[in-house]
Amino acid sequence: MARVIFENVSKQYSGGGQNAVTDLNMEVHDQEFLVLVGPSGCGKSTAMRMVAGLEEITGGRIIIGDRVVNDLPPKDRDVAMVFQSYALYPHMTVRDNLAYPLKLRKVPKGEREQRVNEAARVLDIQQFLDRKPKALSGGQRQRVALGRAIVRNADVFLMDEPLSNLDAKLRVQTRAELIKLHERVQTTTIYVTHDQVEAMTMGDRIAVMSLGVLQQLATPQDLYDNPANKFVAGFIGSPSMNFMDVNLQAADGRLYAVTPGFKMRVPDTKGRMLERYLGKTVTLGVRPEHLMERSRLEASTPPDATIPVKVDIVETLGNELFVYLTNSGVTLTSRMPPDMQLTSGQDIEVAAPPDKLYFFDPQTEQKVA
């Protein structure tokens, strides 16, 4: 069983300062494809390198399978790592690059050849076995790097931003190949990326990190629908969620979100959980795709549940529009259908379905629930 467990794992580099990773508790299930995602410097690569043994941990335990590996050297951890830079030997053929980790482990020649040929078949690189890396494209080199991990038959694959050097089209293609590869080999995989689109499309579960702290661990859909805090809500989704600081006020037995530019009725379904913020400021969040023009809303949407805005910029993408809106200096982004006839300077009203409004505590930034 090749699960990976982080127990109170921390990493602080010499010289003090903020921890690169702080009190990380997380279990990667056997055969799971788990994605570590977050902005640069969030600690995701450090967490992976600690699993590989390339970074010493400052505190806590890392368990692979049933073994605590804190004091094991990298070669004894039974993990295979795929680097961003491919790390192929330029003077060796693809065949020799694939076979090299097996030679180091003194695997018999016959078994080496069998494993190399099988990995080449799985990755569809048999025709490149006698070429050297310089004769391959970026996508082909990445498949060779993956093949070198596969021949190891390791318990865990570690992938550190393996697609970041590829162009956009090839990145999408290779992403699909990686998903199919995982379905075939079913090896426990930890995948690091800063690209939330990669994370959402590839991961069985996603661990979102910021400033060395795990913010939320959940399935892609759960992260999207139920972000634990403002950071996760803003990081997951493209374009990112709109945020507005609003003051909650009561009038006529209802609750209203008030700013200098609008007074919007808060859905009754949200009222009870927001009672303790009456007279205080909270952060209102709404995703661009949920912010719709008044005519596209249900007829039951009351007029005082809308926000008056001015159209600033309209970007046409063919299948949709990105519309940038302003209200008293606050900029909002909306994704609208391509048949909307909008022009800069136009005054419209927008609103979101009641269940698509999020509220966050302004101090803790945790979702109000």
[X] side chain to [Y] backbone, donor-acceptor under 3.5 Å:
X: Asp78; Y: Val156; result: no
X: Asn327; Y: Val330; result: no
X: Thr189; Y: Phe157; result: no
X: Lys44; Y: Pro39; result: yes
X: Arg141; Y: Leu136; result: yes
X: Arg95; Y: Val116; result: no
X: Ser240; Y: Gly237; result: no
X: Thr326; Y: Gly329; result: no
X: Asp96; Y: Met92; result: no
X: Asn97; Y: Tyr89; result: yes

Nearest non-hydrogen partners of [X] and [Y], listed with the distance:
X: Pro220; Y: Arg205; answer: CD-CA, 4.5 Å
X: Leu36; Y: Ala47; answer: CD1-CB, 4.2 Å
X: Pro162; Y: Val192; answer: CD-O, 4.2 Å
X: Ala119; Y: Gly147; answer: CB-O, 4.1 Å
X: Ser164; Y: Glu161; answer: OG-O, 3.1 Å
X: Val79; Y: Ala52; answer: CG2-CA, 4.1 Å

If you link ILVMFWY side chains whenever their heavy atoms are less than 4.5 Å apart, which other residues fall into the same cluster as [X]? By chain and number, please.
X: Val68; answer: Ile5, Ile63
X: Val258; answer: Tyr256
X: Phe322; answer: Ile313, Leu317, Tyr324

Note to self: For a side chain to side chain contact (heavy atoms under 4.5 Å, CB included) check, start with the C-alpha distance between Arg152 and Arg105, then their side-chain angles and the critical distance, and finish with the verdict.
What the structure shows: CA-CA 9 Å; Arg152 290 269 313 276; Arg105 286 164 179 77; 3.1 Å; yes
Margin query: Test salt bridge (Lys or Arg N to Asp or Glu O under 4.0 Å) on Arg3 and Asp30; report intermediate values, then the result.
Written below: CA-CA 4 Å; Arg3 61 182 183 169; Asp30 184 35; over 6 Å; no
State, with a plain yes or no, whether a side-chain heavy atom of [X] is found less than 4.5 Å away from one of [Y].
X: Leu214; Y: Val21; result: no
X: Val94; Y: Lys132; result: no
X: Arg115; Y: Glu118; result: no
X: Val309; Y: Ile348; result: yes
X: Ser238; Y: Gln196; result: yes
X: Pro308; Y: Asp347; result: no
X: Leu72; Y: Ile64; result: no
X: Asn8; Y: Arg61; result: no

Next item on the list: Sort and list the pairs that fulfil salt bridge (charged side-chain N to carboxylate O under 4.0 Å, His left out) and have at least one residue in residues 169-187, not counting sequence neighbours.
Entry: Arg143-Glu177
With rounding to the nearest 0.5 Å, note down the distance linking [atom1] in [X] to [atom2] in [Y].
X: Phe235; Y: Gln216; atom1: CZ; atom2: CD; value: 13.0 Å
X: Asp204; Y: Thr219; atom1: CG; atom2: OG1; value: 10.0 Å
X: Leu284; Y: Lys270; atom1: CG; atom2: NZ; value: 10.0 Å
X: Thr174; Y: Leu181; atom1: OG1; atom2: CG; value: 11.5 Å
X: Glu293; Y: Gln346; atom1: CD; atom2: CD; value: 8.0 Å
X: Gln142; Y: Leu88; atom1: CD; atom2: CG; value: 8.5 Å

Next item on the list: On the 0 to 90° scale, with breaks at 30° and 60°, tag the Phe33-Tyr191 ring pair as parallel, tilted or perpendicular.
Entry: tilted
Is there a path of hydrophobic side-chain contacts, each under 4.5 Å between heavy atoms, that joins [X] and [Y]?
X: Met241; Y: Val266; result: no
X: Val314; Y: Leu325; result: yes
X: Val368; Y: Phe231; result: no
X: Ile150; Y: Tyr100; result: no
X: Val286; Y: Leu274; result: yes

Next item on the list: Show your working on side chain to side chain contact (heavy atoms under 4.5 Å, CB included) between Ile125 and Gln140 and close with a plain yes or no.
Entry: CA-CA 8 Å; Ile125 54 174; Gln140 291 161 352; 5.7 Å; no
Item checked: Qualifying side chain to side chain donor-acceptor pair (under 3.5 Å) pairs with a residue from residues 329-341, counting only residues at least two apart or across chains -> Arg296-Asp339, Glu320-Arg335
Note to self: Can you pull out every side chain to side chain donor-acceptor pair (under 3.5 Å) where at least one residue sits in residues 355-369? Sequence neighbours excluded, please.
What the structure shows: Tyr277-Asp361
Next item on the list: Quick one: do Asn229 and Gln215 satisfy side-chain hydrogen bond (donor to acceptor under 3.5 Å, both in side chains)? Show the steps, please.
Entry: CA-CA 8 Å; Asn229 55 42; Gln215 302 294 313; 3.0 Å; yes
Next item on the list: Would you indicate whether Glu56, at its atom CD, is surrounded by more than 12 heavy atoms from other residues, nucleotides or ligands within a distance under 6.0 Å?
Entry: no
Notebook entry, point to check: What do you reckon, is CG of Asp252 surrounded by more than 12 foreign heavy atoms closer than 6.0 Å?
Noted result: no
Next item on the list: Starting from the C-alpha separation in whole Å, work towards a yes-or-no answer on salt bridge (Lys or Arg N to Asp or Glu O under 4.0 Å) for Lys263 and Asp304.
Entry: CA-CA 7 Å; Lys263 180 179 180 180; Asp304 58 0; over 6 Å; no
Next item on the list: Before giving the answer on side chain to side chain contact (heavy atoms under 4.5 Å, CB included), spell out for Leu24 and Val213 the whole-Å C-alpha distance, their side-chain angles and the decisive distance to 0.1 Å.
Entry: CA-CA 7 Å; Leu24 177 58; Val213 177; over 6 Å; no
Note to self: Between Val9 and Met50, does the side chain to side chain contact (heavy atoms under 4.5 Å, CB included) criterion hold? Intermediate values first, please.
What the structure shows: CA-CA 9 Å; Val9 173; Met50 286 191 287; 3.6 Å; yes
Check: Can Thr193 and Glu198 be counted as having a side-chain donor-acceptor contact under 3.5 angstrom?
Finding: yes
Margin query: Between Ser45 and Asp160, is there a side-chain donor-acceptor contact under 3.5 Å, judged purely by atom types and distance?
Written below: yes
Check: Among Thr259, Thr281, Thr283, which residue meets the side-chain hydrogen bond (donor to acceptor under 3.5 Å, both in side chains) test with Asp245?
Finding: Thr283
